[in-house]
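Taking it in order: structure first as structure tokens, then the write-up.
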Protein chains: 2
Amino acid sequence: MATINIRGDIREATCAEELIAMRDSIELFSGKWKLQLLRYLSNRPAEKNLFKKMLGEIGGISARMLSKELKVLEMNFLATRTVLNTRPITVAYAITPYGQTILPVAEALVQWGLEHREKVKATIAS
Amino acid sequence: MATINIRGDIREATCAEELIAMRDSIELFSGKWKLQLLRYLSNRPAEKNLFKKMLGEIGGISARMLSKELKVLEMNFLATRTVLNTRPITVAYAITPYGQTILPVAEALVQWGLEHREKVKATIAS
DNA sequence: CTGTATCCACTGGGATACTG
DNA sequence: CAGTATCCCAGTGGATACAG
């Protein structure tokens, strides 16, 4: 994935801009962690979201992935990274106001996913 | 990707249902084509969306991918597949009413992607 | 015409070991 | 503590050839 999530290749005739924008979004949102991390941060706006704490609280993620994904969020202006004056150093992350603009989209995905599970279950049962 | 897009492994303590639902959605929407195909079908509700025609009009997709992706959409009740009585046979696809429920989400992704491009461009320029 | 089968290059992401 | 480097495997998607 391009770290700075912008796509340059414009080719299709119909609604090229929209298609590319949609692919930008999909690309940025794809993968196991980024949306989940943003939701995590948004649910704890006041707290110090330390790397270590996130690592412990978010089940299943490795330090490598947490670091990588947070860096991508930071490069896309969705999260901030703050090095604290501790020894040894600790790092706190927070969602940006801009990052909060994806939350409604994320909630839409959650909502649709929940309904989709019901739909599939109901259809299979019948 | 699981063809029938439902996930069974519930483990996380916090909001497990929501997380899993979100991942279901992300998984289903990920990849280059599925959302684009749904939008294509939704923009041509009255027409016969023949495989051949789609193959020609959707830039860059191969027959293999078109077939595979449409099959996934069909298995998730998002699109229908109709074999026509022609010689040789032709096949028409259509979005289902259920499939249309994702369109608002897709539009949200498009909208956010468009704004993100502006944001990134503006930030880089400054 | 509408797919499926095969082959292949590329990427995402886990495990682990290591550095500042 | 926070992050990087390396290795590895599974999955995605393109090209091509083939089948019903």
To the nearest Å, give me how far apart [atom1] ([X]) and [atom2] ([N]) are.
X: B/L66; N: D/dG14; atom1: CG; atom2: P; value: 11 Å
X: B/I58; N: D/dG13; atom1: CD1; atom2: P; value: 15 Å
X: A/L55; N: D/dA2; atom1: CG; atom2: P; value: 8 Å
X: A/E69; N: D/dA2; atom1: CD; atom2: C1'; value: 16 Å
X: A/K68; N: C/dG13; atom1: NZ; atom2: C1'; value: 7 Å
X: A/M54; N: D/dG3; atom1: CE; atom2: P; value: 11 Å
X: A/I61; N: C/dA15; atom1: CD1; atom2: C1'; value: 14 Å
X: B/I26; N: C/dG12; atom1: CD1; atom2: P; value: 15 Å

Respond yes when some side-chain nitrogen or oxygen of [X] is under 4.0 Å from OP1 or OP2 of [N], and no when none is.
X: A/K32; N: C/dG13; value: no
X: A/Y93; N: D/dG3; value: yes
X: B/S67; N: C/dT4; value: yes
X: B/R81; N: C/dG3; value: yes
X: A/K53; N: D/dC1; value: no
X: B/K71; N: C/dT4; value: yes

query = the helix from C/dC1-D/dG20 to C/dG20-D/dC1: angle between its terminal axes, five pairs each, to 10°?
reply =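 What I find for the helix from C/dC1-D/dG20 to C/dG20-D/dC1 is an axis angle of 30°.
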message = Just so I know, are the side chains of A/F29 and B/L109 near enough to count as touching, which here means a heavy-atom distance under 4.5 Å?
response = yes
query = Looking at side-chain heavy atoms only, is the closest gap between A/W112 and B/M22 below 4.5 Å?
reply = no
Quick one: which protein N/O atoms are closer than 3.5 Å to N/O atoms of nucleotides 8-10 of chain C? Pair and distance per line, please.
none

ask   = Of A/P88 and B/L50, whose nearest nucleotide on DNA chain C comes first from the 5' end?
value =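 Going by which nucleotide is closer to the 5' end, it is B/L50.
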remark   = Going 5' to 3' through nucleotides 15-20 of chain D and flagging B where a protein heavy-atom sits under 4.0 Å of the base, S where only the sugar-phosphate is that close, and - otherwise, we get B-----
message = So if I take every side-chain heavy atom of A/K52 and compare against C/dG3, D/dG14, D/dA2, which nucleotide ends up nearest?
response =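 Within the option list, the nearest is D/dA2.
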request  = Select one nucleotide: of C/dG3, C/dG14, D/dA2, the one nearest the side-chain heavy atoms of A/T90.
outcome  =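 Among C/dG3, C/dG14, D/dA2, the one nearest the side chain of A/T90 is D/dA2.
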